[in-house]
Structure formats: structure tokens, C-alpha cells
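I have placed the structure first, in the form of C-alpha cells, so that the comments after it can refer back to it.
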Amino acid sequence: MTKDLHMLKQKNKKADNYSLKSSPMIKGKAVNLNEAISEITKILKASSSTHIDGMDCDVSAIDTALRFAEKKKCSINHKSYEKINNLYIAFQKFGGSLVSFNELKNRSDFILLLGGDDISVFHEFVEKLKWNKNKVKKSIFFMGSGKAKDKTVYNMVDSKNENIFHDINSIYVKLNEKKINKEDRLYKIISSILNSKYPTVVVNINEHNLALMLCIYDFVYSVNKSIRLKIFNFFGSDNVSGFINACVTKTGFPNAVIFTEKGPEYEPYQIKSSILKENIELQMYISNFENNPKIDYFKKNIFIGNPNLKKKNSFDVYIPSQTPGVDKNGIMVHSDGLSIIKLNKLIDSPYKSVEEILTKVLGS
């Protein structure tokens, strides 16, 4: 399995290289499921504090993990918490007119792709629009860098050697003045926005582009005073939107929650593994879609998820689980927070789902 959803889907089509022989382990030694669950129970009872992380799972697994965290009074966060924090810092400061994926697909006649260093991060998104080549070439613009072949597909403004912050500000100034020069390198973008009926900015949110996020949201806020400009947030493939939706529904907060006797508390800059590993004894890492996640190890570590995990021996307890879209039906949430992606089961396997495993641990 891979991090990228496009590659995940390709593997899902054939279910190639999906291990059906992965076994639960205790410190690298193969055991049966009941023994592994019993060991998790012992570790939980012996640990004064627990944190749950990873959470690149389908919606049902996330919901179960949140109920588990509430019962055990754990903290819980998504591995892409920095993306979530960056979105809400920008959104709370400037607001924005958000658009759903279906609205974007059916109504937009101009899309400006921002926030990705390379156009390739948007390929999956553009494919899902299912627009013909002429509409893509006419309507989709990208500011950043890309391969030569991409320049024949998209309208690209090479901002790699330019200051993208300056470019974004220049677009706003020239839109406001409505004075454009055909020789201007930004001419196509500016004229297309002015002539568009439903212009949209698609923002790739990542861990390292908070300053750019703030710039983009400020740009949209300013432009919206005279021209309607929509935003679609693009998170990638690890079901960040599913986690946000589940957390908001359960707690009223989008991420980084600790359940206490008084109720859930929101600490977006404190509840993260890099800080918690110094003070929290146990981490339960739950991950379906990635076989080699970047993990901050705690004193004790439990992994539930991908049967193809590369570092099974590095955990006190490892339990393989079903993977949505391979050996389990599942649902993910689009970046718009509204529409869903259905992942269909392709093969049978001997594994239990994350939900079943967590329920067994709670009942043991």
C-alpha cells in the first residue's frame, strides 16, 4: 500500500502485493489474535496515559477510535495534524466561500491550482473532475513548477524562480485595477478570472505552507469584495476530512482532542506525537493506507492496520487489519467535507477490521 491515493486505487484494482499471511505479533514474535488483544489490554492497564495517532482510516474506523479514546480518556490526533492546523489558522483569520467537489466539477469555468511545488500533486484531483482535454487546457491554471509535458496539458505560470507571494499579490492588484497587459506573464490568469462566471482556487494544504495558506486566503478574501471567488481545499489521500468531520461531530473540535472527566479539550499545538512522546507512556498508532508511516515512537507502541507494514518488529504489539478498498468496504470524505468516496471490497482476507479489533480490546 502507498500514501498516494492514486497508487492505492491502482493497487486496489488488482489487489496486487497485498499480504494475506501477515500475523499479529508481540515484540516481533508471531501470535494469534486473542493473544495480541490480551497483551494490548495488559499494556493499557499498566500505562498511566495513552495517545492515539495515525488515523488514515475510513470513517467507521475513525468513529470507533474516537469512542475508544473517550472511554479510555486518551488524546487523539491525525498524523496530518499540521495540515489541519494550517487550514484552520487561515480560515479563522480570513474566512472563505468554500465550494463542494460536485459544485466545482459541474459549475466552475476557471480553476487556479495553488500550494503545490509541483503540478503532479494535482493530477489525481484533475482526473476526478473527468473534464475533457479542451476544458482542462482552457480552464485550469497552475502556479508553481512542472514537467515539460504538463505544460501541454495545463496553463502553467512558472513561479519556481519567482516569488509566488508577489505573483498572488500582483494578480489581486491587477484585478482590482482591471488593467492588464497581454505581455504580462500573469495575463491569462487575470483575464480568465475576469471573464469567468464561477472562478475557484484549489489549495493544496501541506505541513510546510502556512505562510502561503495565509497569503492565499487573504487574496481570496480581498478579491471577494468585488469578484466572487470560491475555495476548494485539497488535502490528499489520508482521509483528513473524514477525521475532521468525525471529530467535529463527536466533540465540536476539528482535531487534537484529549478526553477528560470534564469532557473533550482542544489543544492543537500540544497534542502532537513529537511533544507527547516525552510524557505519554503508550501510543496506539492506527493506519490502513500506508505501509511505512513516519512515526514518533513512545515508550510503548501498538500498531493496528496495514498488513504490509514494513517495520512490524518495532512495536510492542502489531495487529494487521482489513484495508478499506481491498478486503473491506469503506467510506472516505472528500476535501470539501461533504461528498464521499466509496472504497469497494475486492478480495476476502483472514483479517478483522479496525473496528472489530478495537471493540474486542474494549470488551476484554
Side-chain angles (χ1 to χ4, degrees), residues 55-56 59 62 66 76-105 107-108 110-117 121-122 125 142-144 164-165 167-169 171-172 175 193 198-258 264-272 332-341:
M55 302 313 303
D56 53 323
V59 170
I62 292 170
L66 282 166
I76 186 169
N77 206 354
H78 195 281
K79 68 177 188 179
S80 297
Y81 66 88
E82 288 178 315
K83 293 182 183 180
I84 301 173
N85 289 349
N86 287 353
L87 166 62
Y88 279 93
I89 289 172
F91 190 68
Q92 288 167 358
K93 185 175 179 64
F94 297 106
S97 181
L98 303 181
V99 63
S100 72
F101 180 78
N102 285 334
E103 285 179 294
L104 173 67
K105 177 181 177 180
R107 299 183 62 187
S108 185
F110 169 89
I111 294 176
L112 178 59
L113 306 175
L114 291 170
D117 294 331
V121 302
F122 291 105
F125 166 79
F142 170 76
M143 292 173 63
I164 193 166
F165 297 91
D167 283 348
I168 292 171
N169 185 61
I171 292 172
Y172 166 66
L175 282 173
I193 293 176
Y198 204 90
T200 308
V201 175
V202 174
V203 188
N204 176 56
I205 304 169
N206 64 51
E207 296 87 349
H208 311 295
N209 66 353
L210 175 58
L212 183 56
M213 283 287 298
L214 290 168
C215 177
I216 294 168
Y217 266 75
D218 186 16
F219 164 73
V220 173
Y221 170 78
S222 300
V223 170
N224 264 323
K225 294 177 182 179
S226 57
I227 300 172
R228 183 179 65 174
L229 188 59
K230 299 284 188 176
I231 297 178
F232 182 88
N233 295 307
F234 176 74
F235 277 117
S237 62
D238 45 13
N239 203 17
V240 172
S241 292
F243 186 76
I244 292 172
N245 272 16
C247 278
V248 169
T249 301
K250 182 74 174 177
T251 70
F253 305 116
N255 69 318
V257 173
I258 182 169
E265 296 180 359
Y266 180 51
E267 295 287 349
Y269 304 107
Q270 297 300 318
I271 299 176
K272 52 185 180 180
M332 295 174 65
V333 180
H334 249 303
S335 292
D336 59 19
L338 299 172
S339 53
I340 62 172
I341 303 170

Just wondering, more than 12 heavy atoms not from Tyr198 lying within 6.0 Å of its OH?
yes
Close side-chain approach of Leu212 to Ile216, heavy-atom, < 4.5 Å:
yes
At what distance, to the nearest 0.5 angstrom, does OG of Ser222 lie from CD1 of Ile168?
11.5 Å
Main-chain N/O of Val220 paired with Asn224 side-chain donor or acceptor, under 3.5 Å
yes
For a 4.5 angstrom cut-off between non-hydrogen side-chain atoms, does Phe232 reach Ile111?
no
Rounded to the nearest 0.5 Å, how far does CG of Asn204 lie from CE of Met213?
9.5 Å
Output for pair (His334 NE2, Ile340 CD1), nearest 0.5 Å, gives 9.5 Å
Does any part of the side chain of Tyr266, heavy atoms only, come nearer than 4.5 Å to the side chain of Asn255, both counted from C-beta?
yes
Working to the nearest 0.5 angstrom, can you tell me the gap between Ile193 CD1 and Thr200 OG1?
10.5 Å
Tell me whether Asn77 contacts the main-chain N or O of Lys272 through its side chain, where contact means a donor paired with an acceptor under 3.5 Å.
no
The reported gap from CD1 in Ile62 to CG in Asn245 (rounded to nearest 0.5 angstrom) is 9.0 Å
Would Leu112 and Leu229 count as a side-chain contact (heavy atoms from CB on, under 4.5 Å) if you check the C-alpha gap in whole Å, the side-chain angles of each, and the deciding distance to 0.1 Å?
CA-CA 10 Å; Leu112 178 59; Leu229 188 59; over 6 Å; no
Just verifying a value: how many Å separate Ile76 CD1 and Lys250 NZ, rounded to the nearest 0.5 Å?
10.5 Å
If I compare all heavy atoms of Ile271 with all of Val257, which pair ends up nearest, and what's the gap?
CD1-C, 3.6 Å
Which pairs of donor and acceptor atoms, one on a side chain in residues 88-101, lie under 3.5 Å apart (sequence neighbours left out)?
{"residue": "Ser97", "atom": "OG", "partner": "Lys230", "partner atom": "NZ", "Å": "2.9"}
{"residue": "Ser100", "atom": "OG", "partner": "Glu103", "partner atom": "N", "Å": "3.1"}
{"residue": "Ser100", "atom": "OG", "partner": "Glu103", "partner atom": "OE1", "Å": "3.2"}

Does the side-chain contact (heavy atoms from CB on, under 4.5 Å) test come out yes or no for Val202 and Phe142, once each step is laid out?
CA-CA 10 Å; Val202 174; Phe142 170 76; over 6 Å; no
Taking His78 for the side chain and Ser80 for the main chain, is one N or O donor matched with an acceptor at less than 3.5 Å?
yes
Are any of the side-chain heavy atoms of Phe165 and Leu214 separated by less than 4.5 Å?
no
Does any donor atom in the side chain of Asn102 or Ser339 lie under 3.5 Å from an acceptor atom in the other side chain?
no
Test side-chain contact (heavy atoms from CB on, under 4.5 Å) on Ser241 and Asp336; report intermediate values, then the result.
CA-CA 8 Å; Ser241 292; Asp336 59 19; over 6 Å; no
For Asn86, check side chain to side chain contact (heavy atoms under 4.5 Å, CB included) against everything at least two apart and list the hits.
Ile205, Asn209, Leu210
Can you name the nearest heavy-atom pair linking Ala256 to Pro268, along with the distance?
CB-CA, 3.5 Å
Counting only N and O atoms by type, is there a donor-acceptor contact under 3.5 Å from the side chain of Asp238 to the main-chain atoms of Asp56?
no
